[in-house]
S.K.: 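Encoded as structure tokens, here's the structure I'll be asking about.
Computed from heavy atoms alone, side chains included, the values below leave out hydrogens, waters and symmetry copies. These numbers were taken from a predicted model, which means no experiment stands behind them.
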Amino acid sequence: MTGRGAVGLGASALVASLLLGGCGTPRSGDLGPAPTAPPPSVALTDRPEPTATRAVAPTPPPANRPPGPSTAASTGTRRPDPVTIELWYVRAGLLVPTRRTRPATVATSRLALTELAAGPSPAEAATGMITLLPTGVEVTRIADGVATLRVPSVGEPATRWLREAQVVWTLTQFPSVRQVRLDDAAPVDRADYADLLSPIVVTGPIPGERVSAPLVVTGTATVFEATVSVRVLDAAGREVAAGFGTASCGSGCRGGYRVAVGWRTVREQKGTVEVYEVSAENGTRINTMAVPVVLAARD
């Protein structure tokens, strides 16, 4: 796998298992349950052609009589809940996650790859996120937990490696996909791209999200003594909140973290959530991940 060397990241800094918590926690971090398919639609049946009848004008309802219930209400039907999917883009040569909420569909893998190829939102692009996946890439088969598809092999080895990692990390969020087979090669999973994550990954909030206090910041990290620090900056760059938490796995392994912070602002404004590690050598902030957000006002 020549792409690892081309990316230039030390695989020794990360363990092969990237499951949240490092010890058997679900793969998708704190992004919630994977999308589920809505109930299948009722199959159409052949019916005889109805007998034509003369149209009769409807009788108006009596005055002051309330309208009857709507058809949707009387039948008890409702639209399927939307699905939230996880997308992995590239920033500064590393993988970074974000989310999309879209109408329900049974073709979740197709939806995920379509959104991945569409690229980041303006707020995400402002942080440096890009996508390396072209449009038109689709899964051709899913069997025994392995999704099969072809990914363009153009570009430098580092580019191809990142493109493949985007696909693998995005598709393996679904329970039906444990591994991905790319271009008839041996199946791979998230562990094969362990060197493409930064020491700190933020899964929530996502860039551009409107957040309110208290805010729960989530993600995974492999940091000194498993300590993850968070601070919130207002539009002027002033620190309005700070806190820290402990990842579920200590130094040398990746674990999940959840840190809650609160703030008081008199108006809604743009802000930044910074997640970082405090250097054991000199106490400075290192491995900082900055997420631009909108801070809701709080009395």
Side-chain angles (χ1 to χ4, degrees), residues 7-10 13-15 18-22 25 27-31 86-99 120-131 162 165-166 169-170 190 193-211 214-235 237-251 253-261 263 270-280 283-295:
V7 174
L9 300 175
L14 303 173
V15 293
L18 298 186
L19 305 179
L20 180 61
T25 313
R27 299 180 179 181
S28 295
D30 296 282
L31 295 178
E86 175 184 291
L87 303 174
W88 288 83
Y89 290 125
V90 174
R91 183 170 68 190
L94 298 173
L95 292 175
V96 287
T98 189
R99 298 188 302 273
S121 68
E124 294 162 348
T127 69
M129 287 188 187
I130 62 172
T131 186
L162 281 165
Q166 281 189 264
W169 273 76
T170 297
R190 292 186 171 190
Y193 303 88
D195 52 359
L196 294 180
L197 291 183
S198 64
I200 296 176
V201 171
V202 180
T203 56
I206 63 173
E209 184 176 350
R210 183 182 183 274
V211 297
L215 168 66
V216 177
V217 183
T218 60
T220 67
T222 170
V223 293
F224 179 69
E225 293 185 343
T227 302
V228 178
S229 298
V230 174
R231 68 176 189 153
V232 179
L233 309 178
D234 65 9
R238 296 183 295 257
E239 183 178 295
V240 296
F244 68 91
T246 304
S248 60
C249 196
S251 301
C253 60
R254 181 171 292 272
Y257 66 83
R258 295 175 64 89
V259 181
V261 290
W263 62 86
K270 293 182 179 180
T272 305
V273 176
E274 290 187 350
V275 188
Y276 59 93
E277 174 185 2
V278 176
S279 172
T284 59
R285 291 186 293 271
I286 59 174
N287 298 318
T288 301
M289 298 297 289
V291 182
V293 294
V294 176
L295 304 176

S.K.: Closest approach of V202 and V275, non-hydrogen atoms and distance?
M.R.: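 Taking every non-hydrogen atom into account, CG2-CG2, 3.7 Å.
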
S.K.: Are any side-chain N or O atoms of E277 and backbone N or O atoms of I200, one a donor and one an acceptor, separated by less than 3.5 Å?
M.R.: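 Not a single qualifying donor-acceptor pair exists.
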
S.K.: Can you name the nearest heavy-atom pair linking A290 to R91, along with the distance?
M.R.: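 Result for this residue pair: O-NH1, 4.1 Å.
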
S.K.: Once you round to the nearest 0.5 Å, how far does CH2 of W88 lie from OG1 of T131?
M.R.: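 Spacing of CH2 (W88) from OG1 (T131) equals 14.0 Å.
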
S.K.: How long is the straight-line distance from CG of L95 back to CH2 of W169, given to the nearest 0.5 Å?
M.R.: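 That separation rounds to 7.0 Å.
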
S.K.: So do V291 and I206 actually touch side chain to side chain, heavy atoms under 4.5 Å?
M.R.: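 When only atoms from C-beta onward are counted, V291 and I206 do not touch, as no gap falls below 4.5 Å.
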
S.K.: Rounded to the nearest 0.5 Å, what's the gap from OH on Y89 to OG1 on T98? Could you check?
M.R.: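 With rounding to 0.5 Å, OH (Y89) is 7.0 Å from OG1 (T98).
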
S.K.: How close do T288 and Y276 get, heavy atom to heavy atom, and via which atoms?
M.R.: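 Scanning both residues, the minimum pair turns out to be OG1-CB, 3.4 Å.
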
S.K.: Between A221 and V228, which heavy-atom pair has the shortest distance, and what is it?
M.R.: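 So the minimum-distance heavy-atom pair works out to CB-CG2, 3.8 Å.
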
S.K.: Under the rule for side-chain hydrogen bond (donor to acceptor under 3.5 Å, both in side chains), what residues qualify as partners of T246, not counting sequence neighbours?
M.R.: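 T246: no side-chain hydrogen bond (donor to acceptor under 3.5 Å, both in side chains) contacts found.
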
S.K.: Can you list the steps and then say if V259 with V216 is a side-chain contact (heavy atoms from CB on, under 4.5 Å)?
M.R.: CA-CA 6 Å; V259 181; V216 177; over 6 Å; no

S.K.: Let me see the working for V294 and V211 under side-chain contact (heavy atoms from CB on, under 4.5 Å), right down to the final yes or no.
M.R.: CA-CA 6 Å; V294 176; V211 297; over 6 Å; no

S.K.: Scan residues 201-211 for pairs that pass salt bridge (charged side-chain N to carboxylate O under 4.0 Å, His left out), counting only residues two or more places apart or in two chains.
M.R.: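 Residue pairs passing salt bridge (charged side-chain N to carboxylate O under 4.0 Å, His left out), neighbours aside: R99-E209, R210-E268.
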
S.K.: Is there a side-chain contact (heavy atoms from CB on, under 4.5 Å) between V278 and T284 once you walk through the steps?
M.R.: CA-CA 6 Å; V278 176; T284 59; over 6 Å; no

S.K.: Supply the atom-to-atom distance S248 OG to R254 CZ, rounded to the nearest 0.5 angstrom.
M.R.: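 The CZ atom of R254 is 10.5 Å from OG of S248, to the nearest 0.5 Å.
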
S.K.: Is there a side-chain contact between T127 and P292 in this structure, where contact means two heavy atoms from C-beta onward sitting under 4.5 Å apart?
M.R.: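 When only atoms from C-beta onward are counted, P292 and T127 do touch, with a gap below 4.5 Å.
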
S.K.: Taking the side chain as C-beta and beyond, is there a heavy-atom pair between V96 and M129 under 4.5 Å?
M.R.: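 The answer is yes, as the side chains (C-beta and beyond) meet within the 4.5 Å cut-off.
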
S.K.: So how far is it from T220 OG1 to L197 CG, rounded to the nearest 0.5 Å?
M.R.: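 Result: 6.0 Å between the selected atoms.
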
S.K.: In chain order, what residues pass the side-chain hydrogen bond (donor to acceptor under 3.5 Å, both in side chains) check against T227, with sequence neighbours excluded?
M.R.: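 For T227 there are no side-chain hydrogen bond (donor to acceptor under 3.5 Å, both in side chains) partners, ignoring immediate neighbours.
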
S.K.: Kindly indicate whether the side chain of L233, heavy atoms from C-beta on, has any atom under 4.5 Å from the side chain of E274.
M.R.: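 A side-chain contact under 4.5 Å exists here.
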
S.K.: Can you sort out the partners of R285 under side-chain hydrogen bond (donor to acceptor under 3.5 Å, both in side chains), two or more places apart, ordered by chain and number?
M.R.: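 Listed in chain order: nothing, the list is empty.
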
S.K.: Can you tell if the side chain of T222 reaches within under 4.5 Å of the side chain of C253, non-hydrogen atoms only?
M.R.: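 Answer no - side chains too far apart.
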
S.K.: Could you list the residues that satisfy salt bridge (Lys or Arg N to Asp or Glu O under 4.0 Å) with E225, not counting sequence neighbours?
M.R.: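 Salt bridge (Lys or Arg N to Asp or Glu O under 4.0 Å) list for E225, sorted by chain: empty.
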
S.K.: By side-chain hydrogen bond (donor to acceptor under 3.5 Å, both in side chains), which residues pair with S229, not counting sequence neighbours?
M.R.: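 Applying side-chain hydrogen bond (donor to acceptor under 3.5 Å, both in side chains) to S229 gives none.
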
S.K.: I'd like to know whether V293 forms a side-chain contact (heavy atoms from CB on, under 4.5 Å) with T272, so could you lay out the CA-CA distance, the side-chain angles of the two residues, the decisive distance to 0.1 Å, and finally the verdict.
M.R.: CA-CA 6 Å; V293 294; T272 305; 6.0 Å; no

S.K.: Roughly how far, to the nearest 0.5 Å, is the OH atom of Y257 from the OG1 atom of T203?
M.R.: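 Answer for the OG1-OH pair, T203 versus Y257, is 6.0 Å.
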
S.K.: For G208 and A123, which heavy atoms make the closest approach, and how far apart are they?
M.R.: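 Minimum heavy-atom separation between G208 and A123: CA-CB, 3.7 Å.
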
